[in-house]
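One structure is given below, encoded as structure tokens.
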Amino acid sequence: MEQWNIWLNRDIWLNVAIVLVATALIYSVLRTLVNTLHKRLKAGSKDRESSWAHFIAMVIGRTNRLLLLAFSLLLALRLADLPLAWQGALSHTWFVALALQVALWVDTGVRLWSRSLVMGKSGGHYNPVMTTIMSIMILIVVWSVMLLSILANLGVDITALVASLGVGGIAVALAVQTVLSDVFASLSIGVDKPFEIGDFVVFGEVAGTIEHIGLKTTRIRSLSGEQVVCANADLLRQIVHNYKRMDTRRIVFKFGINYDTPSDKVRQVANKVGEIIRATPKTRFDRAHFLGFDESQLTFEVVYIVLSSDYNQYMDVQQEINLQLLDALRELDVRFALPRRDLRLVGEKMPVLKVAGLPQQTERADTASDGRLPRFS
């Protein structure tokens, strides 16, 4: 009978009615405020999706209706007379609801931030893999902290749980250390940016354009057309030449002229090379010197700078210099050096023959006793 008397108590039903009406009113007011603020911020940033107003509007739009109803109920319960035991339960419920809502807001903010970086709305060029990894790591930390804080607030001892998670994490890391090394290498590529998608790189025997930077591998389109797939960790262990970031090219080339060239014309050749390079567009002359006496030729070394990183432009410049150098040497009556060897005949006295283009070793010949032509051996 006492239980029935409790349910028939008019004060209890009055408190219930007050709580329900207050919950409905508070929920309506909070919902209206959230919707109004969301619409105004979104309308104010309609043409500026990268603005802070748009960012805040999207975060506010993630307010959960169920959690908003829970907040309204918790506020309405303060109007009723509740036992002391219920007061402690309500404080824990407040924390759980607030922690969940804050986690949802942070989750939305991190996703919007990573998406803006990938789509280039922030005005920079960012590696999508790096931003994805960073956003995942941030979200894992946020939700882990939220879960552990809720458990701790409810009175659960999380020390053992954290210790077990640490041991389990070490075991997993040892099992997949190869994959993790590539993943962290990908993160290093994203942070340090030794190369980006579209860069032309050379390492080892591979030369090509970066097509994709993934969590584990990097894909490169080689000059011969095939796709080369390289693990990120292996790629970072090598010396990588990034030609996309090269502004100029320093070119060194050599050529040789005949030993019969007079010294005054040798001086003219060096000056003529300088004039040719200075007159060629997109070049900066450095030096041209008679380097030394090599076998069969007087060697010149020429150094100049191509004011472009494009390889085809460099080849066009070098071709033009070579063609003008041919014409200039013809005007000076100077010949390019050709391989030249002296052929000495053993036996009867015969004149020394100078033959162009023979191999480097000296050829020997014997004269036949009947006076015929010598036989080479």
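- Residues Ile213 and Phe195 meet the side-chain proximity criterion, which asks for heavy atoms closer than 4.5 Å.
- Of all heavy-atom pairs spanning Lys272 and Ala328, the tightest one is CG-CB, 3.5 Å.
- In this structure, the separation between OG on Ser296 and CG on Leu338 is 9.0 Å, given to the nearest 0.5 Å.
- Summarising the geometry of Arg245 relative to Pro194, their closest heavy-atom pair is NH1-O, 3.5 Å, with the distance given to 0.1 Å.
- A salt bridge links Glu211 with Arg221: the closest approach of a Lys/Arg side-chain nitrogen to an acidic carboxylate oxygen falls below 4.0 angstrom.
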**Prompt:** Does the side-chain hydrogen bond (donor to acceptor under 3.5 Å, both in side chains) test come out yes or no for Thr280 and Glu320, once each step is laid out?
**Reply:** CA-CA 8 Å; Thr280 304; Glu320 182 64 25; over 6 Å; no

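- With Asn35 contributing its side chain and Thr32 its backbone, the two residues share no donor-acceptor pair below 3.5 Å.
- Closest approach of Thr283 to Ile277, counting heavy atoms only: OG1-O, 2.7 Å.
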Can you list, pair by pair, the side-chain donor-acceptor contacts under 3.5 Å of residues 98-109, counting residues two or more places apart and other chains?
unit_1, atom_1, unit_2, atom_2, d
Gln101, OE1, Asn64, N, 3.1
Trp105, NE1, Thr63, OG1, 3.3
Asp107, OD1, Arg111, NE, 2.7
Asp107, OD2, Trp143, NE1, 3.1
Thr108, OG1, Arg62, NH1, 3.1
Thr108, OG1, Leu104, O, 3.0

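- Ring planes of Phe255 and Phe300: parallel class, angle under 30° (limits at 30 and 60°).
- Within the 4.5 Å cutoff, no side-chain heavy atoms of Val306 are placed close to those of Thr248.
- In this view, Leu298 and Ile257, Tyr259, Val266, Phe290, Phe293 satisfy the side-chain contact (heavy atoms from CB on, under 4.5 Å) rule, not counting sequence neighbours.
- Atom-to-atom distance recorded for Cys230:SG and Arg237:CZ is 9.5 Å, nearest 0.5 angstrom.
- Note that OG1 of Thr209 and OH of Tyr243 are 13.0 Å apart. Values are rounded to the nearest 0.5 Å.
- Separation of atoms CZ (Arg249) and OH (Tyr304) is listed at 10.0 Å; rounding is to 0.5 Å.
- In this structure, Tyr311 places its OH atom where only 12 or fewer heavy-atom neighbours from other residues, nucleotides or ligands lie under 6.0 Å away.
- Put simply, the side chain of Lys265 gets close to the backbone of Leu332: a donor and an acceptor are under 3.5 Å apart.
- Note: Gln238 CD to Phe203 CZ = 5.5 Å, rounded to the nearest 0.5 Å.
- Minimum heavy-atom separation, Ala233 to Ala185: N-CB, 3.7 Å.
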**Worked verdict on Val302 versus Lys254 for side-chain contact (heavy atoms from CB on, under 4.5 Å)** = CA-CA 6 Å; Val302 182; Lys254 298 179 181 180; over 6 Å; no

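- Judged by distance alone, the side chain of Ser72 and the main-chain N or O of Tyr27 form a donor-acceptor pair under 3.5 Å.
- If you take CE on Met246 and CG on Asp310, they are separated by 9.0 Å, rounding to the nearest 0.5 Å.
- Arg287 and Glu301 are joined by a salt bridge, as a carboxylate oxygen and a charged side-chain nitrogen come within less than 4.0 angstrom of each other.
- Partners of Phe71 according to the ring-ring contact (aromatic ring centres under 6.0 Å, His included) rule, which considers only residues two or more places apart in sequence or in another chain, are Trp94.
- Judged by distance alone, the side chain of Asp286 and the main-chain N or O of Val303 form no donor-acceptor pair under 3.5 Å.
- No side-chain donor-acceptor contact under 3.5 Å links Ser222 to the backbone of Gln227.
- Remark: Asp327 engages Arg330 in a salt bridge, criterion side-chain N to carboxylate O under 4.0 Å.
- Judged purely by atom type and a 3.5 angstrom limit, Thr36 has no side-chain atom pairing as donor or acceptor with the backbone of Leu33.
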**Item:** side-chain hydrogen bond (donor to acceptor under 3.5 Å, both in side chains) evaluation trace for Gln319 with Tyr314
**Value:** CA-CA 9 Å; Gln319 176 180 258; Tyr314 149 62; over 6 Å; no

**Message:** Applying side-chain contact (heavy atoms from CB on, under 4.5 Å) to Ile276 and Phe285, what does each step give before you reach the verdict?
**Reply:** CA-CA 9 Å; Ile276 291 173; Phe285 178 69; over 6 Å; no

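- When all heavy atoms are compared, the tightest approach of Thr218 to Asn232 is OG1-OD1, 2.5 Å.
- Gln297 approaches Ala337 most closely through the heavy-atom pair CB-CB, 3.2 Å.
- For the pair Ile251 and Gln318, the minimum side-chain heavy-atom distance is below 4.5 Å.
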